[in-house]
Amino acid sequence: MSFVQALRRQARLNAFWAPRRCLASQSAPVAAPAVADSSASSPKPKSEAKPISSCPENMVLQGLAYLKGQQEVVAMADDQYPPWLWTLLKPRELPDDGPGGKAEKVRLRKANRQRIRDQNFMKTQ
């Protein structure tokens, strides 16, 4: 058995056994931290810093005007763009809703796709 096959076998076993370990765990739920005194100064919530676009306002964006006779596309000020635009590059966070939940299904599907890709790659070698 080659080194690559041994690594793939280990990854395959981990993907197979990982969900079963979650079902058998008997860990106690995490207790909420105790609040000392409500009159004490409460920590202020962190405000997210506004992202800054990579191009300044009124900069001509080359290659975006793909129709003939169309005006050149110009960058707007950062506050003129919708707020959801700045969240597009953030990774999607799925809530960990336990065994059999959405997050586990997405993780298993991703692992299965990678396993199939690896198998198909090894068939061509």
Side-chain angles (χ1 to χ4, degrees):
M1 179 184 311
S2 74
F3 178 72
V4 175
Q5 288 175 335
L7 286 177
R8 286 199 178 102
R9 173 176 281 175
Q10 182 65 30
R12 193 175 322 132
L13 288 175
N14 288 345
F16 180 74
W17 290 108
R20 297 191 191 317
R21 271 190 251 136
C22 295
L23 293 173
S25 67
Q26 296 294 329
S27 62
V30 177
V35 178
D37 187 14
S38 61
S39 64
S41 62
S42 61
K44 295 181 181 177
K46 294 180 182 177
S47 61
E48 292 186 23
K50 264 187 139 180
I52 300 172
S53 64
S54 61
C55 50
E57 186 177 359
N58 295 329
M59 179 180 173
V60 176
L61 303 173
Q62 298 293 327
L64 293 182
Y66 56 90
L67 297 175
K68 277 187 177 179
Q70 185 178 9
Q71 295 178 359
E72 292 179 337
V73 179
V74 179
M76 298 186 293
D78 291 348
D79 58 351
Q80 291 179 347
Y81 290 107
W84 56 264
L85 180 70
W86 306 111
T87 62
L88 288 178
L89 295 179
K90 292 182 182 176
R92 185 169 45 156
E93 296 176 10
L94 295 173
D96 187 18
D97 47 0
K102 175 98 173 146
E104 183 185 20
K105 288 180 183 178
V106 168
R107 185 183 54 78
L108 288 175
R109 183 177 176 100
K110 190 174 184 179
N112 190 32
R113 283 184 176 178
Q114 186 60 45
R115 182 181 55 83
I116 291 171
R117 285 185 184 119
D118 292 342
Q119 286 177 347
N120 289 340
F121 174 74
M122 291 307 290
K123 286 179 185 177
T124 62
Q125 300 304 312

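Residues: numbered from 1 along the sequence shown. None of the values given here were measured: they were computed from a predicted structure.
Pairs passing the side chain to side chain donor-acceptor pair (under 3.5 Å) check and including a residue from residues 60-75, sequence neighbours excluded, do not occur.
In this structure, Lys110 and Arg113 have side chains that are not in contact, with every pair of non-hydrogen atoms separated by 4.5 Å or more.
Summarising the geometry, atom CD belonging to Gln114 is positioned 11.0 Å from atom CD belonging to Gln119; distances are rounded to the nearest 0.5 Å. Annotation: the span from Leu94 atom CG to Lys105 atom NZ amounts to 12.5 Å, rounded to 0.5 Å.
Around atom CG of Leu89, no more than 12 heavy atoms belonging to other residues, nucleotides or ligands sit under 6.0 Å away.
When all heavy atoms are compared, the tightest approach of Ala103 to Asp97 is N-OD1, 3.7 Å.
Scored by the side chain to side chain donor-acceptor pair (under 3.5 Å) test, Asn112 finds Arg115 as partners (sequence neighbours excluded).
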Let me check something: any side-chain donor-acceptor pairs from residues 73-88 under 3.5 Å, sequence neighbours excluded? List them with distances.
| residue | atom | partner | partner atom | Å |
| --- | --- | --- | --- | --- |
| Asp78 | OD1 | Ser53 | OG | 2.6 |
| Asp78 | OD2 | Ser53 | N | 3.3 |
| Tyr81 | OH | Met76 | N | 3.1 |
| Thr87 | OG1 | Trp84 | O | 2.7 |

